[in-house]
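Each remark here refers to the structure printed beneath this line.
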Amino acid sequence: MRVFYATDLHGSEVCWRKFLNAAKFYDADVLICGGDMTGKAMIPIVEDGDGYELTLSGISQRVGRDQVAEVESQVQRKGYYPVRMTSAQVAELEKDPQKVQTLFTEQMCKTVERWMQMAADKLKDSKIRVFVAPGNDDEMEIDEVIANAPRVELAEGKMIDIGGYEMISSGWANPTPWHTYREAPEEELARRMEPMLRDIKDMSRAIFNFHPPPYGTSLDEAPALDENLKPLHGGRALRHVGSTAVRDAIDKYQPMLSLHGHIHEGKGITRMGKTLAINPGSAYEEGMLLASIIELDQKKGIKNYQLVNG
Amino acid sequence: MATTTEAPRQTLFLRNATGLVKAWSTFDAFLYAFWSVNLVTLGLYGMSFVYAIPDGQLLGAVLLTGVLVTFLVLTYAQLVSVMPRAGGDYAWQSRILGGAVGFVLAITGWWFTLWLWTPIYANILVVQFFAPLADTLGLPDVATFFGSKTGIFVSCLIVLAFVSWVITLGMEGYARIQRICFWLGMAGLIAMIGLLLFSSHDAFVTAFNREAASLFGASGDAYQATLKAGGTTGVSFGSFGFTSTLLLLPFLAFYLLWPVWGATLYGEVRGAKEYRKVFNAMFWGLWVTVALVAVIILLIVKTIGWDFYYAANAAYWNSIFGVAGAAAPPVPIWPYPIMLAGWLVPNHLFQALLIAVMGLWFFGWAGTLFLSSTRVIFAAAFDRVLPEWAANISAKRRVPYGSLILMIVPSLVVSALWAYGGTGLQGIFLWATGVIAITFLGTVVAAAILPWRRRDIFENSPISRFRIAGIPVITITGVVSAIFLLFMLAEWSFNAVYGTSFSINSASPIYFGATYLVAIAIYVVARVVRKRQGIDLSRIHREIPVE
């Protein structure tokens with residue numbers, strides 16, 4: 001059985017399309033999206049007479065009505081949400097953070113719904129299983145959208161049997177400086193894992209799909225920040241920011257495989273006793289799908305694995 | 001399609017999301033670039049060889065190199081902007097030129113060649129720190145020891161121990177040390193500049209003769225004797241030969257080629273401004289160094305004497321290389337300009353203090369010797385080209401012991417070759433700059449063709465609008481950089497003046513040819529072995545279709 005694992009797409013439509021196409025491209029049987037699938041930014045595309053104005057990557061542009069769809073597609077490619085609005089609506093949003101939040105949620109759910117439909121269309125005649133466990137950056141509202149999707153399975157908080165292997169998943173992370181949507185202290189993370197861990201019958205055939213990487217490994221090094229969220233030493237200084245609860249769970253239970261994301265710079269593979277832990281990293285802004293392919297064998301367990309830049 | 005206008009209103013709404021950091025300090029990034037083109041350790045050492053081209057105009061060559069390396073900086077800054085997390089030459093080349101080319105060029109440049117830099121660093125440590133410090137403190141036996149074969153090897157061991165310590169310390173801790181070294185080192189440099197600025201040429205001649213007698217027992221007019229021993233009569237700062245000045249460029253590349261060393265900085269939700277920050281950090285790291293070198297050169301002309309500077313270097317290196325018929329230098333030590341400036345103060349304690357403080361330029365810089373190498377080894381291991389253990393990190397101390405072994409063990413061997421292998425083998429080490437230049441060449445070629453090879457990535461990057469006459473700027477800067485690098489590679493290969501040419505240094509092409517073959521062999525073996533394991537290495541960089 002071939003598993004394709006990617007994570008931290010952050011709203012990049014190109015990456016999601018590649019994720020779905022990876023099944024055929026790599027001949028994969030199972031696709032797992034490790035979380036953080038929603039975007040971080042919203043770009044107003046402001047109506048102005050017979051055209052629109054927007055700023056993307058620091059560059060302000062004015063486009064005609066016939067070009068706006070193409071520009072929206074560029075915005076989506078980067079993982080941002082393009083929203084057409086008037087300058088009065090922009091001014092209103094500037095004054096009211098709550099309205100911004102509501103619009104974000106609306107855009108996110110709309111996009112995830114479209115992505116779920118895309119999965120249904122692309123994979124309708126295949127037997128490929130697709131799993132998504134939303135990450136700490138994903139708002140709770142998207143769970144329902146995924147749960148209702150015909151061809152995608154919501155993996156959060158469950159033990160799922162995949163061809164004889166038991167996978168448990170959680171997108172919850174230890175606290176970050178950004179106070180995101182699925183964060184909890186380490187003790188609570190451990191409590192969240194407990195019931196799922198109890199469900200696993202054979203750890204030698206278990207897969208942990210936990211969004212944050214284990215603390216103190218090569219998978220959890222992120223640029224050190226000061227109190228104003230400014231990278232220290234030009235971004236060269238790295239610090240371990242992973243989860244101790246995840247680390248403890250791996251150290252204690254020694255699953256066959258542990259899949260992680262969250263730290264985009266932490267691309268790598270590490271052995272933790274009997275466990276192979278992987279963080280494929282993320283380069284969603286480039287439209288590049290960083291991922292890992294894991295070949296599972298009924299006798300050997302992990303037959304081979306590979307990181308790819310698709 | 002679009003016209004640029006001024007943005008009048010909020011153009012981006014952000015929500016709480018991981019990784020949305022504020023802009024990093026340009027000064028911090030500048031510091032890294034500034035250390036990479038280290039004007040004291042690499043700069044003063046590299047420029048001590050320019051006596052070989054007496055009618056070249058050094059200041060003009062430094063400025064010209066600055067201009068040409070700026071094109072390299074522009075190229076790398078644009079690559080960072082297009083693929084910020086790519087991790088440098090290996091990943092850029094792999095993604096644009098293919099996995100095999102990327103592996104061979106990066107592994108030879110950033111792995112095999114970095115072994116050769118260990119004895120070069122060690123030699124710099126001896127001539128700029130141990131030897132002058134020991135002589136100044138009245139410990140000539142210690143200075144003599146570090147000049148011996150075993151002394152050089154011990155210095156190599158010290159460098160390796162220091163580099164290993166830095167890697168275990170982590171970059172954050174070392175960055176703090178670098179900051180302290182920077183400010184103290186700059187204070188030392190200002191003291192040196194002040195001494196040369198406010199002292200006359202006559203005062204220097206007197207000081208030189210005094211210390212030559214006091215520290216080295218030289219009799220008579222050591223200044224004049226050095227001029228005579230150097231055999232560079234008639235050298236003048238004002239002399240200018242265009243071709244000769246161009247021929248100085250490969251010497252200057254020894255230090256001015258490296259502002260792009262730390263080019264893998266990044267930012268998320270970034271724009272064109274981010275490109276400018278990366279560029280500014282590397283640009284100012286280069287040009288502040290160029291400006292300081294210009295000041296130092298002019299002060300050497302004014303106070304020390306340009307003809308003397310050339311003669312002292314010629315006399316020293318002729319004695320080291322055993323040039324037939326060369327006279328022994330009256331002062332048998334490398335003419336370290338810091339030490340010479342310190343002699344203007346008739347106090348050995350002050351002189352020793354100045355040398356020690358300027359030694360911080362070495363210790364603030366040398367720790368990063370293997371930093372890029374370990375990253376390239378990690379990347380190759382994650383790509384399954386190297387074995388998994390190459391990326392292993394010890395659980396307790398977080399030491400990347402796999403990659404450290406791959407760096408340190410061969411470095412010990414090449415250090416022993418340097419120390420005990422004779423001057424024939426030492427010729428190999430002269431190519432240490434050239435091989436990294438070949439790696440850079442691969443990257444600038446990749447950059448030049450990026451808009452066509454990875455059109456999708458290029459068109460969606462902030463630099464896609466940078467065009468001159470419709471040609472992407474990254475292509476133009478890439479081509480100019482490639483021509484500059486090819487010129488130097490041709491000179492290193494065929495001009496006998498550098499000691500690297502194939503005609504006089506037959507060991508070098510054999511050694512480097514062998515390293516490229518080994519790199520190719522590793523890749524081929526990895527392809528075959530991994531294929532048997534069911535892993536297709538060719539699919540690492542194959543792009544998944546979007547539609």
Side-chain angles (χ1 to χ4, degrees), chain A residues 14 17-18 21-22 25 40-44 53 55 57-63 67 74 77-78 87 90 93-94 100 104 136-137 176 178-180 218 224-225 228-239 262 264-265 267-270 283 286-287 289 295 303-304 306-310, chain B residues 1-7 9-25 28-29 31-32 83 85 95 170-172 175 262 265-266 268-273 281 378 382-384 388 391 393 398 456-457 460 462 465 533-535 539-547:
Chain A
V14 170
R17 286 172 183 271
K18 285 182 174 181
N21 288 342
F25 192 73
K40 298 180 179 186
M42 203 157 51
I43 306 280
E53 282 184 358
T55 301
S57 299
I59 303 161
S60 301
Q61 324 173 15
R62 186 180 153 72
V63 295
Q67 298 160 320
Q74 276 179 25
R77 183 193 162 91
K78 283 187 169 292
S87 46
V90 175
L93 287 175
E94 280 171 8
V100 174
F104 253 122
N136 64 301
D137 278 352
T176 73
W178 296 276
H179 311 295
T180 57
S218 56
L225 304 175
N228 299 314
L229 301 182
K230 199 170 179 177
L232 293 166
H233 309 297
R236 288 175 294 135
L238 302 176
R239 259 181 216 165
H262 193 41
H264 303 181
E265 305 84 358
K267 174 181 174 176
I269 295 162
T270 192
E286 299 166 38
L289 186 64
E295 191 98 34
K303 190 179 169 193
N304 61 54
Q306 187 175 24
L307 296 181
V308 290
N309 311 312
Chain B
M1 175 180 105
T3 53
T4 302
T5 57
E6 201 176 322
R9 59 181 79 83
Q10 192 161 335
T11 56
L12 177 83
F13 290 98
L14 292 169
R15 69 189 180 101
N16 290 348
T18 320
L20 291 178
V21 299
K22 302 272 171 59
W24 40 263
S25 151
D28 285 336
L31 212 57
Y32 196 72
M83 294 192 234
R85 282 195 198 83
R95 288 181 185 183
M171 205 49 225
E172 189 173 357
L265 301 168
Y266 54 83
E268 197 166 358
V269 189
R270 69 202 179 280
K273 279 182 190 166
F378 270 42
F382 293 152
D383 281 354
R384 310 301 307 274
E388 194 181 288
I393 295 176
R398 313 302 314 141
D456 53 330
I457 294 177
N460 283 286
R465 70 188 179 121
Q533 295 171 342
I535 300 168
R539 72 183 174 191
I540 295 170
H541 303 287
R542 212 182 289 154
E543 193 176 1
I544 306 168
V546 178
E547 298 308 324

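Nothing here was measured: the structure is a model prediction, and the numbers come from that model.
- Of the two parts of A/Ala22, the backbone and the side chain both hold a non-hydrogen atom closer than 4.5 Å to a non-hydrogen atom of chain B.
- With a threshold of 4.5 angstrom between heavy atoms, A/Ile43 approaches chain B through its backbone and through its side chain.
- The shortest non-hydrogen separation linking B/Pro545 to A/Phe25 is CD-CD1, 3.5 Å.
- Judged by distance alone, with hydrogens and angles left aside, the side-chain atoms of B/Arg542 form no donor-acceptor pair with the main-chain N or O of A/Val308 at under 3.5 Å.
- In this structure, the portion of A/Asn136 lying under 4.5 Å from any heavy atom of chain B is its side chain and not its backbone.
- Residues A/Asn309 and B/Ile540 meet the side-chain proximity criterion, which asks for heavy atoms closer than 4.5 Å.
- Looking at A/Asp137 and B/Arg15, their side chains come closer than 4.5 Å, going by heavy atoms from C-beta outward.
- With rounding to the nearest 0.5 angstrom, the CZ atom of B/Phe382 is 7.5 Å from the OG1 atom of A/Thr270.
- Both the backbone and the side chain of A/Ser218 have a heavy atom closer than 4.5 Å to some heavy atom of chain B.
- For chain B, the option among A/Arg77, A/Arg17, A/Arg239 with the highest count of heavy-atom pairs below 4.5 Å is A/Arg77.
- Contact tally against chain A (heavy-atom pairs below 4.5 Å) for B/Asp383, B/Leu31, B/Ile535: the top residue is B/Ile535.
- Contact record, B/Leu14 with A/Phe104: C-CE1, 3.7 Å, taken as the closest heavy-atom pair.
- Summarising the geometry of A/Leu93 relative to B/Phe13, their closest heavy-atom pair is CB-CZ, 3.7 Å, with the distance given to 0.1 Å.
- A/Val100 touches chain B through its side chain: at least one heavy atom from C-beta onward sits under 4.5 Å away, while N, CA, C and O do not.
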* How far apart are the C-alpha atoms of B/Val546 and A/Lys18, what are their side-chain angles, what is the distance that settles it, and do they pass the side chain to side chain contact (heavy atoms under 4.5 Å, CB included) test? -> CA-CA 5 Å; B/Val546 178; A/Lys18 285 182 174 181; 3.8 Å; yes
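- Nearest heavy-atom pair across B/Leu12 and A/Pro44 is N-CD, 4.1 Å.
- A side-chain hydrogen bond (donor to acceptor under 3.5 Å, both in side chains) with A/Gln306 holds for exactly one of B/Arg384, B/Gln533, B/Arg539; it is B/Arg539.
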* Begin from the C-alpha positions of A/Gln61 and B/Arg465 and carry the test side chain to side chain contact (heavy atoms under 4.5 Å, CB included) through to its verdict. => CA-CA 12 Å; A/Gln61 324 173 15; B/Arg465 70 188 179 121; over 6 Å; no
